[in-house]
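Reminder, nothing fancy here: chain letters follow the sequence lines and each chain counts from 1.
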Amino acid sequence: MSPSHQLPKNYDIEEVERRWQSAWRDEDNYFDPASSKPRFIIDTPPPYPTGNFHIGNALNWCYIDFIARYKRMRGYNVMFPQGWDCHGLPTEVKVEETYGITKNDVPREKFREMCRDLTLSNIEKMRATMRRLGFSTDWSHEYITMLPDYYRKTQASFLQMLKAGDIYQSEHPVNFCTRCETAIAFAEVNYAPRTTKLNYFDFDGIEIATTRPELLAACVAVAVHPEDERYRGMKGKRLTVPIFGHQVPVIEDVVVDPGFGSGAVMICTFGDKTDVYWWKQHDLDLRKAIDRQGVMTATAAPYAGMSSEACREAILRDMEEAGILKRQEVLEQRVGTCWRCKTPIEILSERQWFVRVHQDEILDAARKVSWTPEHMFTRMENWANSMEWDWCISRQRIFATPIPVWFCTACGETVLPAEEDLPIDPTVDKPKTPCPRCGGSDFTGETDVLDTWMDSSISVLHVTGWDGTGKPPFFPAQIRPQGHDIIRTWAFYTILRAKALVGSHPWDQILVNGMVLGEDGFKMSKSRNNIISPEEIVGQYGADALRQWGAGGAATGSDIMFNWNDVVAASRFQTKLWNIFRFVMGHLDSGTESPAPVTELTDRWLLVRLSETVAEVTAAMEGYQFDRALRAIREFAWNTLADDYIEIAKGRLYADDSSRESACSALRTTMDVLCRLLAPIIPHFAEECYHNLAGRSVHEEAWPDFSYADDEARRHGDLLVKTVAELRRYKHDKGMALNAPLGHVMIYAPEPIDDAGDAGRALAADARWSTGTPRLEEVTSGVDFNMAVIGPALRKQARGFMEAVRALPPEQLKNPPATVTVAGEDIPVPPGSFTPKVAYRVAGEEVDVLTLGDVVVTIGHSS
RNA sequence: GGGCUUGUGGUCUAGCCGGUCAUGACGUCGCCCUUACACGGCGAAGAUCCCCGGUUCGAAUCCGGGCAGGCCCA
């Protein structure tokens, strides 16, 4: 019998992976809108096109690809789209750096073009990495938010919410980055520690402490705590602001911390969020001392034109000269900074556009989504409950979706385009009709643009087929996979927008992945020099090894530390699998169309264990527990199949015995099922094996529903495996080679077992099974307790019971009495509560004796 | 300061809706090139399951309090 296949000895990762990547056709991954299969739509994250698909993305996409491939095998019509969230500051900054310009140095459209070019080339780089990782992306559902087809929808969604009253414009304090010259949302504010000085000075007779003396010109009130004895009776008095001379009232408010500084605080418009609160609560004046560029305004004369830093120094110097600066203290504080450029943010009052945030509605919708892991919902809940201001969606930048409105020069009316005219750029295009209010025909286009989250928060509408109005045909999506770092942004805004535009929750499930940390346990960052790129891993160990790391590195949802060891182990597992596969293929006959029945014990046992593995892996995949799935597969392949089954059954495969066909059948089935189980996680490897085995693509196959029950085979097979393992250990302990002949072995088991001679061949011994009793001296040496029985049955009496049992004579351990006496009380013996430990002594004959549970093995010294 | 989360052999990790000698990987040590695999096989050593207290016959697992780390935020 000649082997049906000649497989290369080594598995060439690079060659195999590249070969399949070029053989696979994109069309096979396309979502079919006409299909009658159940839909499974994935709201894939659109990454920011930095040009660098990093390892955190890789983990995220591994999860997505496992799901997409698994669901396809389960018969779903899967959509695994790929978006690109293009707009935003990082690209503008990069363009400014690259060309050594600022955004105002070139015409708006020119600047946009530069941004678009950079973005497209970055997307190209990232696509290449994604393909090299073997993701089964549906490239027919790719979207790019900066292109008209997509931002038309962003603009439509804006108009729809504007008309519904969910979007409004208003002058309101907002977080403002004076370097980027734009408003930003709270979600974009980071906090950084800073050491600063707390300055105490005389404010018209009252001592005030401030960290922001440059805001003195913007002072609109002085506040004290209503129960602060030091300032009793001050409320309503008017004080003169030093240096500037304008008058401000003294107010009382419980939010003032009497323990900070002098207990009196100056309220400026605006130093921080609390100032905004007080300003609203007490209906105070508005004094703008800092402009959009961070420069002091005329209000701050004589300091007008200075930067805020220069102004601070100048005011402190002037206070000192005037003798009103009393002292300074060093203060550690946290300051809000721009997420992009780290510049401390200012709070400026500006006309901006806002989206109304209805916390309760958002949370209701969020509750309709199934969260994995569950506790991630709490983060959403906490964030929603902490929202105090509406979402500021206007930005004073260029590379973003234009806000599609004009203002009538004559009457100021806000004029909207018709939806069919979208997309528009109001700074270029003109309204097609005169002003509906005054009939005027001269308009100013809105120059503000939209927050980029306004683009990405309708990704789910886009992928479910939204055309700009009504409910998308495939809405809601089945799953949203994303990281926990963007729960407060992407998840939150998406739910808000789905609720506002469609009226319900956007997805059935959300799967939240953790962050990838460096090998040192910290977040990867340039400054820590602990960054590992996907390319680096793939270059050395291949995509499948990286994917295994993603699956098995940590439980789904928890942060995962990158670890080269795991990648190396993953690649070794593939080598092992390859050798298993090579061995099996070497024994299978070619063209076996009608497989022989599986008759022999070891073969049936293998199928029982395979069946259990399928059940375990399926359950794990359903719950997105990829680590469990991979672990179960590894355990089965390496321990059960390679170390146990093949070691025991291989003699039969060489022996050309009539029982050989049974083993071949079992192995063919096993390899077939194993390839399918591996297909979602290591698609290249599974494909390579499956093609050799079946001549077809494993990715076209169904998920295995293999089940095989055989209690006897399970029991007897376990016993056989245990016995062989024990005898191997015996050989090892005797210093014998594992293939050294062993002579006469008798295995006494409680049930008759027919192993088709497997044990004998595996051990190189003349092994026989018997149900008889060895003629040996039997000694009871102790007792094993089963706490799972004793504990619940006897509770507090458990200890006394065990004492009493230990004191029983040996024959009673073998044949338990109905009751034992504990502290003078007869208590019943629960069935199965203990088993005697039996040792066998040699009686004259020269044999070694091994005992494993109720099995006794005797080994004769001569053959 | 708040929320969430984690703390298991040298390193990483499973278990954590309580039950006999705590899973696996890497590393270490010993033996073995047994006709798939030395990127292998067999075996060994190595754990106060962060600390303290509680519940329980019994706690890595549940509860309370600490300590330490991570993430998100104020």
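Summarising the base pairing, rC33(B) is matched to no nucleotide, lacking a Watson-Crick or G-U wobble pair whose two defining distances lie under 3.5 Å. Using N1 to N3 plus N6-O4 or O6-N4 for Watson-Crick, or N1-O2 and O6-N3 for G-U wobble, each under 3.5 Å, rG46(B) pairs with nothing. With both pairing distances under 3.5 Å, rA22(B) is matched to nothing as a Watson-Crick or G-U wobble pair. Across all strands shown, rA68(B) forms a Watson-Crick or G-U wobble pair with rU6(B), both key distances being under 3.5 Å. Across all strands shown, the partner of rG53(B) is rC63(B), judged by Watson-Crick or G-U wobble contacts whose two distances both fall under 3.5 Å.
Nucleic acid contact class of D559(A) (heavy atoms, under 4.0 Å, all strands): sugar-phosphate only. At the heavy-atom level, T378(A) lies under 4.0 Å from the strands shown only through sugar-phosphate atoms. Using a 4.0 Å heavy-atom cutoff across all strands shown, D643(A) reaches sugar-phosphate atoms only and no base atom. Residue R379(A) is classed as a base contact, given a heavy-atom separation below 4.0 Å to a base. Using a 4.0 Å heavy-atom criterion, one finds that W549(A) contacts no nucleic acid atom at all. Using a 4.0 Å heavy-atom cutoff across all strands shown, E647(A) reaches at least one base atom of the nucleic acid. Counting any heavy atom pair closer than 4.0 Å across all strands shown, A555(A) reaches sugar-phosphate atoms only and no base atom.
Within the 3.5 Å criterion, the main-chain N or O of M387(A) finds a donor-acceptor partner in the side chain of Q359(A). At distances below 3.5 Å, at least one donor-acceptor pair connects side-chain atoms of D275(A) with backbone N or O atoms of G271(A).
With both ends at atom P, the span from rU5(B) to rG64(B) equals 12 Å, rounded to whole Å. Comparing the P positions of rG24(B) and rG43(B) gives an interatomic distance of 12 Å, to the nearest angstrom. Between the P atoms of rU55(B) and rC63(B), the separation comes to 15 Å (whole Å). For rG46(B) and rC51(B), the C1' atoms lie 23 Å apart once the distance is rounded to whole Å.
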Between protein and nucleotides 7-9 of chain B, what N or O pairs are separated by less than 3.5 Å?
none

Can you tabulate the close N/O pairs, meaning under 3.5 Å, that link protein atoms to atoms of nucleotides 56-62 of chain B?
from	atom 1	to	atom 2	distance (Å)
rC57(B)	OP2	K796(A)	NZ	3.2
rC57(B)	O4'	R795(A)	O	3.2
rC57(B)	N1	R795(A)	O	3.4
rC57(B)	N4	R795(A)	NH1	2.6

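Side-chain atoms of K576(A) lie closest to rC37(B) of the nucleotides rC37(B), rC42(B), rU5(B). Closest to the side chain of K9(A), out of rC37(B), rC71(B), rC12(B), is rC37(B). Out of rC12(B), rC39(B), rC4(B), the shortest distance to the side chain of H375(A) is found at rC4(B).
If you measure from atom CZ of R631(A) to atom C1' of rG15(B), you get 9 Å, rounded to the nearest angstrom. rC39(B) atom P lies 17 Å from atom CD of Q540(A), rounded to whole Å. Nucleotide rC39(B) holds its C1' atom 13 Å from the CZ atom of R582(A), rounded to whole Å. Atom-to-atom, CG of L763(A) to C1' of rC32(B) comes out at 16 Å; the value is rounded to the nearest Å. Counting to the nearest Å, the C1' atom of rU34(B) and the CZ atom of F583(A) are 12 Å from each other. Rounding to whole angstrom units, CG of residue N579(A) and P of rG40(B) are separated by 9 Å. For the pair L577(A) CG and rG40(B) P, the computed distance is 12 Å after rounding to whole Å. Computed from coordinates, the N563(A) CG to rA14(B) C1' distance equals 15 Å when rounded to whole Å.
Contact between the side-chain N/O atoms of W564(A) and the OP1/OP2 oxygens of rC12(B) is not found at any separation under 4.0 Å. Taking only side-chain nitrogens and oxygens, R729(A) comes nearer than 4.0 Å to OP1 or OP2 of rG43(B). OP1 and OP2 of rA25(B) both lie 4.0 Å or more from every side-chain N or O belonging to R572(A).
In summary, of the residues considered (W638(A), W578(A), F685(A)), a side chain to side chain contact (heavy atoms under 4.5 Å, CB included) with F573(A) occurs for W638(A) alone. Results of the side chain to side chain contact (heavy atoms under 4.5 Å, CB included) test with L641(A) over E635(A), E647(A), M671(A) single out M671(A) as the only residue that passes.
The side-chain heavy atoms of L606(A) and D603(A), taken from C-beta on, include no pair separated by under 4.5 Å. Within the 4.5 Å cutoff, side-chain heavy atoms of F834(A) are placed close to those of V829(A).
The aromatic rings of W564(A) and F562(A) sit perpendicular, their planes meeting at an angle over 60°, well past the 30° parallel limit. Ring geometry for F492(A) against W383(A) counts as perpendicular: the plane angle is over 60°, on a 0 to 90° scale with 30° as the lower cut. In this pair, W279(A) and F270(A) present their aromatic rings perpendicular. The plane angle is above 60°, beyond the 30 to 60° band. Under the 30°/60° scheme for interplanar angles, the aromatic rings of W391(A) and Y493(A) are found to lie parallel.
No side-chain N or O of S833(A) forms a donor-acceptor pair with one of N786(A) less than 3.5 Å apart. Judged by distance alone, the side chains of D672(A) and Y690(A) do bring a donor and an acceptor atom under 3.5 Å apart.
Non-hydrogen atoms lying under 4.0 Å from RNA chain B are contributed by R628(A), all within residues 618-628 of chain A.
The 5' end of RNA chain B is approached more closely, in terms of each residue's nearest nucleotide, by A569(A) than by the other of A569(A) and I646(A).
A centroid separation of 6.0 Å or more is found between the aromatic rings of Y624(A) and F66(A).
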- Evaluate side-chain contact (heavy atoms from CB on, under 4.5 Å) for I486(A) paired with W453(A), printing each intermediate quantity in order. CA-CA 11 Å; I486(A) 50 174; W453(A) 292 110; 4.1 Å; yes

